[in-house]
There are 2 protein chains.
Amino acid sequence: MSVQTQNAAGNCSDCPIRHRAVCAHCEKPELNELESIKYYRNFEAGQSIIWSGDKMGFVGSVVSGIASLTQTMEDGRTQMVGLLLPSDFVGRPGREGSPYDVTATTDVVMCCFRKKPFEEMMARTPHIAHRLLEMTLDELDAAREWMLVLGRKTAREKIASLLSIIARRDASLSSGGPVGTLVFDLPLTREAMADYLGLTLETVSRQMSALKKDGVIQLEGKRHVTIPDMGRLMEEAGDDTDGGMLG
Amino acid sequence: MSVQTQNAAGNCSDCPIRHRAVCAHCEKPELNELESIKYYRNFEAGQSIIWSGDKMGFVGSVVSGIASLTQTMEDGRTQMVGLLLPSDFVGRPGREGSPYDVTATTDVVMCCFRKKPFEEMMARTPHIAHRLLEMTLDELDAAREWMLVLGRKTAREKIASLLSIIARRDASLSSGGPVGTLVFDLPLTREAMADYLGLTLETVSRQMSALKKDGVIQLEGKRHVTIPDMGRLMEEAGDDTDGGMLG
DNA sequence: AACCTCAGTTGATCTGGGTCAAAGAAAAAT
DNA sequence: ATTTTTCTTTGACCCAGATCAACTGAGGTT
């Protein structure tokens, strides 16, 4: 259960501090202190990890599976405000509770640390505080990019944007097809996609069908997606076409 | 020009590190080092402070006026992703450039620090890094709250949400009217409001007229707004009505 | 005083995506 | 194997907000 896993981007995902390529966790001796307060939690698909307003006793990171952050209005309208993939951090050091619901979208394994000792460590270890700032800035960039998607893009562009994001983080390069072909399994229901995109599930379904008909994506079953041309998908998403998808 | 100003929330706005009630800047001797690398810049309404993609040589905070962060697609669609009011921080320590345009919406005075020495200070002063993490988490919360607005609220709710945010940060309690009455000048054109809300300027104008007709707001001229009942406005915004607006 | 320009309003019409409804398809339960 | 449930697709219709267009009104400028 304490196997160090590597995701597609080369990050160590068995650790609350997300890394690029190298796992500082394993290099910095002072971080081994984290090991002693580390524990794992499993959540089933659909299960709530944290309720909005609850006190959070822990911070941690996703080891496997997908979790989502959602906000809900009293009348039931919901908006997903974040998608947590393996290696993503969960928690708000220095904050009492969560303003969002955190829900397991698939079965999820989380690597957790009790909040108190983690924060004490953070205060003593500038490296962790610095890394956390980095990660929070990344999340802020992602949230702001998503504001453009929600505010100004059409339904088709929204779907293409979401597929593009998931593909970049989740997909493995297919060995068989031409270069640039990506294959992955959608970890979200149509309804979850709709909640992320500010659409209805019917519109999501229609636009998926349209993208399939137009050859932008291929679908086997409902969830298995092949993207024959990543550049084409990004055009559909309305993004700058800078060609390189692994920059 | 180095007068310490206090805004309505009691924050020191003459400083890149935003405070609550007390200005640590003035309390912590080590932060006086910041004084020696501090300088001011003025921007006229409409002027660009930073172009998206540019290298940013400085970090700083807004002293007076309003600036906005915007993202623009190739075809001209634009989405405002942040509103910078006095005391708000601008800059991305540890990052090269800005992924957004930063524009002066009104005349703006900024208090700046060259980035290099600021970052060196930050590395030496855990207090600053910690404060910066706090601020970034606040911005992330604001961005995510805005995702709900953009993704799920109606045009009327969007307008009410924006007015509510500006009122809370910008307004002074009117002494004459009943308790809870707020008065302020809108610092945004109808077009800027539209860019923030993911609407067209015509829809903004129509909904402003509708809110006026329904007595939710009063308008003198185009910009001077009176909110007779803050609770009512928050209901219109679809927010939880928790009563207290200065919690 | 006539002429701009720029911000805002209002009306008429159009349409993308929402809503309501029905049916298929795959997984889970009996 | 059949029923139930959960997810998805597709069709028909509608409406909130976009689009297109005309007009108002407050400053400035000469």
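Convention: sequence-line order gives letters A, B, ...; per-chain numbering from 1.
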Go through the steps to decide whether B:Arg169 and B:Asp88 satisfy the test salt bridge (charged side-chain N to carboxylate O under 4.0 Å, His left out), and finish with yes or no. CA-CA 11 Å; B:Arg169 286 231 22 202; B:Asp88 279 343; 3.2 Å; yes

In whole Å, what is the span from the CD1 atom of B:Ile159 to the C1' atom of C:dG8? 13 Å

Do nucleotides 23-29 of chain D as a string where each nucleotide becomes B, S or -: B if the base has a protein heavy atom under 4.0 Å, S if just the sugar-phosphate does, - if no protein is that close. -------

Tell me, for nucleotides 10-18 of chain D in 5' to 3' order, what letter each nucleotide earns: B for a base near a protein heavy atom under 4.0 Å, S for only sugar-phosphate near one, - for neither? BBB----SS

Interatomic distance where CE belongs to A:Met208 and C1' belongs to D:dT8 [whole Å]: 11 Å

Roughly, in whole Å, what's the span from NE2 in B:His224 to P in C:dG8? 16 Å

Test salt bridge (charged side-chain N to carboxylate O under 4.0 Å, His left out) applied to B:Lys153 and B:Glu236, step by step: CA-CA 10 Å; B:Lys153 291 193 177 180; B:Glu236 292 283 351; over 6 Å; no

When you measure from the side chain of A:Asp107 to the backbone of A:Glu44, do you find a donor-acceptor pair of N or O atoms at a distance under 3.5 Å? no

Would you please say whether a donor-acceptor pair under 3.5 Å links the side chains of B:Thr203 and B:Thr200? yes

Between A:Arg156 and A:Asp214, does the salt bridge (charged side-chain N to carboxylate O under 4.0 Å, His left out) criterion hold? Intermediate values first, please. CA-CA 12 Å; A:Arg156 174 185 264 243; A:Asp214 297 346; 2.2 Å; yes

Between CZ of A:Arg77 and P of C:dG18 the distance, given in whole Å, is 13 Å

Find the distance A:Lys213:NZ to D:dT9:P and express it as a whole number of Å. 15 Å

Taking the cut-offs as 6.0 angstrom to the six-membered ring centre and 45 degrees off its axis, would you call B:Arg168 and B:Phe184 a cation-pi pair? no

In whole angstrom, what separates B:Arg223's CZ from C:dC6's P? 15 Å

How long is the line joining CG of B:Leu219 and P of C:dG8, in whole Å? 11 Å

So do the side chains of B:Thr136 and A:Leu137 get within less than 4.5 Å of each other, counting heavy atoms only? yes

Hey, are the side chains of A:Leu162 and A:Leu197 touching, using non-hydrogen atoms and a 4.5 Å cut-off? yes

Would you say that more than 12 heavy atoms from the other residues, nucleotides or ligands in this model lie under 6.0 Å from the CD of B:Gln47, or not? yes

In whole angstroms, how far is the P atom of C:dA7 from the CZ atom of B:Arg190? 12 Å

